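Data block below; observations after.
All residue numbers refer to positions in the sequence shown, counting from 1. No experiment lies behind these values; they were computed from the predicted model shown.
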Amino acid sequence: MLAIDGGKPVRVKEKFLVFGAPCIGQEEIDEVVDSMKKRWIGTGPKVALFEEEFRKMKGRKHAIAVNSCTAALHLSMLAIGIRPGDEIITTPMTFCATVNAIIHAGGIPVLADCKRDSFNIDPSEVEKKIGPRTKGILVVHFAGRPCDMDEIMDLARRYDLFVVEDCAHAIETSYKGVDAGCFGDVGCFSFYVTKNITTGEGGIIVTDNDKIAERVKMLALHGMSKDAWGRFSDEGYKHYEVIHAGFKYNMMDIQAAIGLHQLKKIEKFRARRKEIWQIYNDSFRDLPVFLPPDPQRNTEHSYHLYTPLIDTERLGKTRDWVLHALTMENIGVGVHYLPVHYHSFYKKTFGLKKGDFPNAEWVGDRTLSLPLSGCLSDRDVEDVIVAFRKVLGRN
Ligand SMILES: *Cc1c(COP(=O)(O)O)cnc(C)c1O
């Protein structure tokens with residue numbers, strides 16, 4: 001297959017650079033094998049250890065591992081006590097799972113536009129959307145750049161709202177010395193394949209609130225109550241009691257086995273992504289793109305995604321053309337994200353339309369994500385740079 005200009009692609013087809021390939025070492029492989037040999041592959045000691053390590057790392061009272069961040073978000077919504085018709089304010093510049101979690105819990109997602117520079121929810125837009133049915137704010141630290149948490153927490157205090165943080169991009173993120181996931185009532189993290197660390201599929205919930213933690217644990221495992229065990233019998237066989245129609249959201253030891261070793265590599269992976277992010281920024285200054293701004297003072301960015309915005313007016317081509325051209329160069333790319341209200345379901349269900357969130361649309365029409373992972377080689381990075389410059393007409 002030829003490149004879009006009819007010439008040879010920057011990488012050969014066989015070496016297609018997969019977007020977001022995970023970094024898996026021998027330690028992870030050995031730990032999984034260990035679980036299998038011990039034949040404890042379901043929820044067991046490794047999940048407990050993983051939860052404890054993560055809890056200590058974040059300095060929160062509770063950490064509950066689940067099988068995805070989507071599950072974590074869903075349980076968080078239920079645990080804060082959402083009732084049918086309650087409104088949760090969130091951003092249109094996010095993955096659909098953020099919004100679906102609200103809907104599955106019986107709530108109504110109310111979108112508040114993002115900012116053009118940070119892609120993060122704009123606190124002044126949030127305030128405009130607060131009404132009598134507003135129950136909470138669900139923020140997303142986009143690409144690992146923290147939201148304006150002073151302003152968000154101030155709104156939460158003034159209007160008595162819950163705050164849940166979608167930290168799927170943000171394990172390493174902090175704002176004025178406080179880690180992402182430690183501001184709100186609940187923080188939800190993802191260990192999906194493309195995230196900063198992975199367990200294959202997986203997620204975790206952190207909170208300081210005992211009631212929320214207890215509810216999350218109960219709902220994550222069929223709605224079974226642990227207390228009931230004691231009620232039926234003190235010793236010997238223990239019955240469980242189902243006190244709610246719960247879910248099957250528990251993490252397995254096989255997943256935690258991977259995660260235990262990934263936890264130790266968080267800083268190493270981040271340092272490499274930060275380095276690549278900087279090399280990209282330095283290599284693209286003359287291109288018709290808007291580069292991601294440097295992290296704000298007093299914050300730590302996790303460098304989860306590298307998201308230049310295509311200056312489509314200056315280039316005279318669409319973002320989708322650029323996506324296509326890069327794919328033909330055998331460079332894997334992503335889009336984070338088409339705004340939530342571009343999707344037919346949310347349009348139909350919530351009466352949303354183009355024009356409702358001008359900043360999310362401005363970003364969503366121009367953004368693309370280049371490969372950024374802790375295990376990209378120098379050669380991979382060089383190929384991305386050559387391909388991106390070529391496609392944008394600056395060899
Ligand atoms: C990946 C992602 C999720 C969902 O995470 P899973 O672990 O795949 O369920 C939620 N929100 C955002 C912003 C994400 O990027």
Side-chain angles (χ1 to χ4, degrees), residues 10-11 17-23 93 114-120 140-148 167-177 179-180 194-198 262 264-311 314-315 319 322-323 325-326 329-337 363 366-395:
V10 167
R11 277 172 87 99
L17 185 58
V18 175
F19 180 87
C23 311
M93 186 41 63
C114 65
K115 293 179 163 181
R116 282 194 188 194
D117 53 354
S118 66
F119 304 10
N120 275 330
V140 179
H141 303 291
F142 189 96
R145 188 188 295 276
C147 292
D148 302 315
C167 303
H169 303 173
I171 287 202
E172 307 89 341
T173 299
S174 71
Y175 174 90
K176 300 188 180 175
D179 278 8
T194 59
K195 300 291 156 73
N196 295 350
I197 63 166
T198 188
Q262 293 270 300
K264 298 178 190 152
K265 302 176 184 176
I266 289 178
E267 266 316 308
K268 189 180 100 185
F269 292 160
R270 174 176 179 263
R272 176 63 175 156
R273 292 196 311 272
K274 180 178 180 176
E275 181 180 50
I276 297 167
W277 202 89
Q278 205 55 57
I279 295 171
Y280 282 163
N281 256 2
D282 291 341
S283 307
F284 301 147
R285 291 199 194 282
D286 59 325
L287 299 183
V289 296
F290 305 100
L291 297 176
D294 288 335
Q296 285 87 331
R297 258 189 337 115
N298 237 329
T299 72
E300 288 292 336
H301 195 303
S302 80
Y303 305 98
H304 173 57
L305 296 169
Y306 182 77
T307 55
L309 295 163
I310 307 299
D311 187 344
R314 201 142 68 90
L315 182 67
R319 183 271 318 275
V322 176
L323 289 175
L326 282 168
E329 299 292 346
N330 294 316
I331 302 291
V333 284
V335 174
H336 303 85
Y337 298 94
V363 169
R366 289 167 182 77
T367 192
L368 63 80
S369 303
L370 295 178
L372 180 69
S373 141
C375 44
L376 289 183
S377 69
D378 291 346
R379 179 62 201 272
D380 295 335
V381 174
E382 186 57 30
D383 285 349
V384 173
I385 293 169
V386 170
F388 196 50
R389 295 188 59 82
K390 176 181 168 190
V391 163
L392 294 191
R394 304 284 166 89
N395 281 330

Who are the ring pair (Phe, Tyr, Trp, His ring centres under 6.0 Å) partners of Tyr280, not counting sequence neighbours?
Phe284, Tyr306
At what distance, to the nearest 0.5 angstrom, does [atom1] of [X] lie from [atom2] of [Y]?
{"X": "Asn196", "Y": "Leu305", "atom1": "CG", "atom2": "CG", "answer": "8.0 Å"}
{"X": "Phe269", "Y": "Ser302", "atom1": "CZ", "atom2": "OG", "answer": "13.5 Å"}
{"X": "Ser174", "Y": "Asp179", "atom1": "OG", "atom2": "CG", "answer": "6.0 Å"}
{"X": "Asp148", "Y": "Lys115", "atom1": "CG", "atom2": "NZ", "answer": "3.5 Å"}
{"X": "Phe388", "Y": "Ile310", "atom1": "CZ", "atom2": "CD1", "answer": "4.0 Å"}
{"X": "Glu382", "Y": "Ile279", "atom1": "CD", "atom2": "CD1", "answer": "9.0 Å"}

Under the side chain to side chain donor-acceptor pair (under 3.5 Å) rule, what do His141 and Thr173 come out as? Steps first, then yes or no, please.
CA-CA 8 Å; His141 303 291; Thr173 299; over 6 Å; no
Of all the heavy-atom pairs spanning [X] and [Y], show the shortest one and how long it is.
{"X": "Cys375", "Y": "Ala21", "answer": "SG-O, 4.2 Å"}
{"X": "Val363", "Y": "Arg116", "answer": "CG2-O, 4.0 Å"}
{"X": "Gly334", "Y": "Leu323", "answer": "O-CD2, 4.1 Å"}

What residues form a side-chain hydrogen bond (donor to acceptor under 3.5 Å, both in side chains) with Lys176, not counting sequence neighbours?
Asp150
Pairwise side-chain contact, [X] with [Y], heavy-atom cut-off 4.5 Å (strictly under):
{"X": "Val391", "Y": "Glu329", "result": "yes"}
{"X": "Tyr175", "Y": "Asn298", "result": "no"}
{"X": "Asn330", "Y": "Val10", "result": "no"}

Applying side chain to side chain contact (heavy atoms under 4.5 Å, CB included) to Leu368 and Thr307, what does each step give before you reach the verdict?
CA-CA 5 Å; Leu368 63 80; Thr307 55; over 6 Å; no
More than 12 foreign heavy atoms under 6.0 Å from NZ of Lys274: is that the case here?
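At most 12 heavy atoms, drawn from other residues, nucleotides or ligands, come within 6.0 Å of this atom.
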CZ (Arg379) with more than 12 external heavy atoms under 6.0 Å
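Count not over threshold, so no.
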Backbone of [Y] reached by a side-chain donor or acceptor of [X] within 3.5 Å:
{"X": "Asn120", "Y": "Arg145", "result": "yes"}
{"X": "Arg319", "Y": "Thr367", "result": "yes"}
{"X": "Gln262", "Y": "Ile197", "result": "no"}
{"X": "Arg270", "Y": "His301", "result": "yes"}

Show me the donor-acceptor pairs, under 3.5 Å and distance only, between side chains in residues 285-295 and residues at least two apart or in other chains.
from   : atom 1 : to     : atom 2 : distance (Å)
Arg285 : NH2    : Asp282 : OD1    : 3.0
Asp286 : OD1    : Arg389 : NH1    : 2.9
Asp286 : OD2    : Arg389 : NH2    : 2.9

Pairing residues for Pro22 by the side chain to side chain contact (heavy atoms under 4.5 Å, CB included) criterion, not counting sequence neighbours:
Ile24, Val193, Thr198
Set of side chain to side chain contact (heavy atoms under 4.5 Å, CB included) partners for Asp380, sequence neighbours left out
Arg11, Leu17, Leu376, Ser377
Should the pair Glu275-Arg272 be classified as a salt bridge under the 4.0 Å nitrogen-to-oxygen rule?
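Judged by the 4.0 Å cut-off on N to carboxylate O distance, Glu275 and Arg272 do form a salt bridge.
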Could you check whether Arg273 pairs with Glu172 (Lys NZ or Arg NE/NH1/NH2 to Asp/Glu carboxylate O, under 4.0 Å)?
yes
Dump the intermediate steps for ring-ring contact (aromatic ring centres under 6.0 Å, His included) on His169 and Phe119, then the final yes or no.
CA-CA 13 Å; His169 303 173; Phe119 304 10; over 10 Å; no
Residue pairs meeting disulfide (SG to SG under 2.5 Å), one or both in residues 272-311, sequence neighbours left out, come to none
